There are 2 protein chains.
Amino acid sequence: MAQKRASISDIAKELNLAVSTVSRALSGHSRISEATRKRVWKLAEQLNYQPNHLAAALRKGRSNTLGVIVPHIDGHFFSQVMKGAEAVANRAGFNVLLCQSNEDYGQEQKNVDTMINAQVDGIMVSVARTTHDYKHFDKIKKRDIPLVFFDRILDSPEVNAVELDDFQGGYQSTKHLLEQGCRRIAHFGGPQHLNIYINRFGGYRQALQEYGIPIEEELVLFSEMWEADGRAGMEQLLALPRPPEAVFSASDFSIVGAMRVLKERKLRIPEDIALSGFSNESFTSLTEPNLTSVDQCCEEMGLAAMRLLLEMVQEHEQAPRKIVIQPRLIKRESSLWHQQP
Amino acid sequence: MAQKRASISDIAKELNLAVSTVSRALSGHSRISEATRKRVWKLAEQLNYQPNHLAAALRKGRSNTLGVIVPHIDGHFFSQVMKGAEAVANRAGFNVLLCQSNEDYGQEQKNVDTMINAQVDGIMVSVARTTHDYKHFDKIKKRDIPLVFFDRILDSPEVNAVELDDFQGGYQSTKHLLEQGCRRIAHFGGPQHLNIYINRFGGYRQALQEYGIPIEEELVLFSEMWEADGRAGMEQLLALPRPPEAVFSASDFSIVGAMRVLKERKLRIPEDIALSGFSNESFTSLTEPNLTSVDQCCEEMGLAAMRLLLEMVQEHEQAPRKIVIQPRLIKRESSLWHQQP
DNA sequence: CTGAAAGCGCTAACAG
DNA sequence: CTGTTAGCGCTTTCAG
């Protein structure tokens with residue numbers, strides 16, 4: 001029982017008008033008499049007319065769709081970002097096309113093609129961990145499709161980006177541990193080809209330096225930062241002749257692993273070893289003790305990135321901009337010496 | 001420096017062929033000589049030709065895009081579902097358009113219009129909590145756009161749906177508690193106009209009945225199931241003259257709230273009160289003790305729903321189908337009397 | 001203020 | 001095997 005969609009030409013015929021007139025009436029053009037405008041709208045309503053965006057898009061060369069490429073959608077950060085981004089896009093009358101790279105470079109290249117084929121008017125992207133070169137983004141640039149990087153960015157002055165001040169996050173977190181009296185502070189770091197992990201590590205070093213404490217290599221451990229990595233890392237630290245008094249981790253997952261190990265060994269948190277993570281994952285307030293972490297203001301990031309993208313889509317040609325979002329240190333039990341229950 | 005997209009007609013001109021020939025060569029039509037096919041592909045490659053899907057869609061009346069409407073994308077369940085759904089869709093050459101209703105009925109209605117305007121070839125939807133009537137879905141039916149409900153479904157025999165066997169989930173969970181020796185078992189239930197919560201509650205009752213245990217009204221508490229609701233619920237239960245020996249909650253969030261209260265009161269889990277939740281949220285394996293929960297096989301659900309949708313899109317007119325996914329009870333410390341560390 | 005006509009890029013008859 | 005042609009539904013000159 002397919003019901004044929006009413007089209008502009010249907011309305012035109014019915015009303016003895018030219019399609020162009022109907023089109024203008026519908027799109028709120030100025031040079032249209034109030035009378036015809038009303039007649040058109042009324043019939044459109046009656047026929048439950050829905051504009052065929054595809055046709056309009058083809059004609060105008062713009063699809064009214066914006067693409068978002070993320071490494072994955074499961075997990076706290078990216079889903080929150082999406083929430084913000086989608087809200088902004090929809091309010092501005094744009095649809096959102098979603099692609100996940102699954103942290104895979106090859107898939108990310110395909111995603112870019114998908115976006116181009118879908119004729120999106122702009123693209124928001126956070127690169128996969130395995131992405132080492134950026135040729136596929138050149139295609140986008142060549143076609144003059146507005147492009148905004150967020151969080152995991154391609155660092156280059158010509159690029160539009162929204163990023164978190166990861167350096168500040170690392171700095172504040174480490175400084176907080178120092179203020180709690182810790183001096184030997186370890187760091188769990190992530191892949192060092194990604195800006196975010198480089199910067200978190202940088203903040204850590206800066207804080208230590210300000211306190212005149214040298215970096216000890218044996219206290220800095222890099223990994224993929226899963227829970228298992230955190231477990232292994234903690235075991236390694238505890239095996240040292242002089243274990244650290246605290247750990248600043250660039251991920252909440254690995255700090256949970258560390259926490260597990262400490263509990264198994266009946267070590268107290270934070271009295272024996274204080275812990276602080278990164279991302280303010282939802283579980284950080286559910287563990288025992290609660291985990292101190294750095295909030296990335298995910299939704300704000302999504303809002304900002306999408307707003308920037310929309311501006312680029314709507315007003316042509318702008319000088320590249322970078323927006324930096326400030327993180328917030330959330331102090332919880334795992335790092336607070338004097339506020340244990 | 002916008003680079004003009006190469007089109008089929010560009011290729012045709014360059015090669016002195018008709019557009020139709022080029023189109024056929026490109027789409028792997030059979031009646032095309034190997035020679036021309038090669039020439040066409042080669043030039044297409046050179047010009048970095050990308051098909052204009054919009055034009056094809058307009059012509060064919062199919063957009064190659066599938067829509068997904070979910071209540072929200074942040075959180076475990078829906079993001080996992082999306083992961084599965086997107087994987088299937090992309091593999092079949094379809095794009096995915098995402099809309100969130102934010103658990104709001106009005107927004108859900110708008111989402112439906114968005115999908116229709118975007119000319120999606122099919123729609124997958126899980127309804128918002130506040131959705132009480134289903135008129136907006138009639139629009140979709142009227143247009144003969146394939147529609148699949150998942151998880152939170154509109155229960156009607158004419159509808160295509162993928163759902164979890166929530167009844168089984170509730171039944172197994174409760175039976176497990178019974179097998180652990182608990183007899184007075186409380187239930188935290190969700191809004192009773194949603195099929196999922198009705199069924200989880202139903203499974204609970206069935207299990208009790210099989211053990212010849214009557215339902216006690218004071219042990220059954222309905223709420224929105226947030227953590228705070230769980231706290232309040234637990235307080236209420238503990239204030240009873242004879243508190244229960246276990247709680248089966250239809251949500252992991254409220255069971256965490258309950259856990260908090262028990263710990264504050266220095267009650268032991270599971271010795272004093274055993275706990276079991278629902279959804280197998282990622283934090284359930286991070287709490288102490290770990291939380292027993294029911295895994296919803298989210299990704300599988302996304303896969304199944306999208307596969308069903310694709311079948312409907314590709315082969316026309318089928319009898320409505322319902323697919324039921326079996327949940328898995330994940331037994332953890334919070335309910336296991338003899339396996340405490 | 002309204003109409004006629006062209007065309008966005010592609011596909012699918014229908015001819016050869 | 002290839003070419004010619006029409007048209008998907010809409011917007012946008014260009015003419016009145």
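Quick caveat, the model's predicted, so the values are computed rather than measured. Numbers restart at 1 for each chain; the letters A, B, ... are given by sequence-line order, proteins then strands.
Here the nucleotide nearest the side chain of A:Arg24, chosen from C:dG7, D:dT13, D:dT2, is D:dT13. Proximity note for A:Asn52 (side chain, C-beta onward) versus C:dC10, C:dT11, D:dG9: the nearest is D:dG9. Here C:dA12 is the nucleotide among C:dA12, C:dA6, C:dG3 with the atom lying nearest to any side-chain atom of B:Arg59. The B:Lys60 side chain lies nearest to C:dT11 when the options are D:dT11, C:dT2, C:dT11. Of the candidates D:dT12, C:dG9, C:dC1, C:dC1 carries the atom nearest the A:Ser33 side chain, counting heavy atoms from C-beta on.
If you check distances only, the side chain of B:Ser23 never reaches the base of C:dA12 with a donor-acceptor pair under 3.5 Å.
The distance from atom CG of A:Asp121 to atom P of C:dC8 is 19 Å, rounded to the nearest whole Å. If you measure from atom CG of B:Asn16 to atom P of D:dT2, you get 13 Å, rounded to the nearest angstrom. Between the P atom of D:dC10 and the CZ atom of A:Arg62 lies a distance of 16 Å, rounded to the nearest Å. Distance NE2 (A:His53) to C1' (C:dC8): 17 Å, rounded to an integer number of Å. Counting to the nearest Å, the P atom of C:dG9 and the CG atom of B:Asn64 are 19 Å from each other. If you take CD1 of A:Ile8 and P of C:dG3, they are 14 Å apart, rounded to a whole angstrom. Going from atom CZ of B:Arg39 over to atom P of D:dC1 covers 15 Å, rounded to whole Å. We find that CD of A:Gln50 is positioned 15 Å from C1' of D:dC10, with the value rounded to whole Å.
Within the 4.5 Å cutoff, the side chain of B:Tyr105 has heavy atoms near those of the B:Asp133 side chain.
Projected onto DNA chain D by closest heavy-atom contact, B:Leu58 and B:Ala18 fall at different nucleotides, the more 5' of which corresponds to B:Ala18.
Residue contacts for B:Leu54: at a heavy-atom cut-off of 4.0 Å it reaches no nucleic acid atom on any strand shown. Within the nucleic acid shown, B:Ser27 has no heavy atom closer than 4.0 Å to any nucleic acid atom.
Contact annotation: B:Thr21 does not reach the phosphate of D:dC1 (side-chain N/O to OP1 or OP2, under 4.0 Å). Regarding contacts with the backbone of D:dT11, every side-chain N or O of A:Ser20 stays at 4.0 angstrom or more from both OP1 and OP2. For the pair A:Ser9 and D:dG9, the criterion of a side-chain N or O lying under 4.0 Å from OP1 or OP2 is not met. Checking the phosphate oxygens (OP1, OP2) of D:dC8, no side-chain nitrogen or oxygen of A:Ser7 falls inside 4.0 Å. Contact annotation: B:Tyr49 side-chain N/O to C:dG9 OP1/OP2 distance is not under 4.0 Å.
With values rounded to the nearest 0.5 angstrom, A:Ile116 atom CD1 is found 11.5 Å from B:His53 atom NE2.
Residue pairs that meet the salt bridge (charged side-chain N to carboxylate O under 4.0 Å, His left out) test with at least one member in residues 93-106 of chain B, sequence neighbours left out, are B:Glu103-B:Arg152.
Between the side chains of B:Gln107 and B:Asn111, at least one donor N or O sits under 3.5 Å from an acceptor N or O.
A salt bridge between A:Glu311 and A:Arg321 is present, with a side-chain N of the basic residue lying under 4.0 Å from a carboxylate O of the acidic one. Classification of B:Arg37 and B:Glu34 as a salt-bridged pair holds, one side-chain N sitting under 4.0 Å from a carboxylate O.
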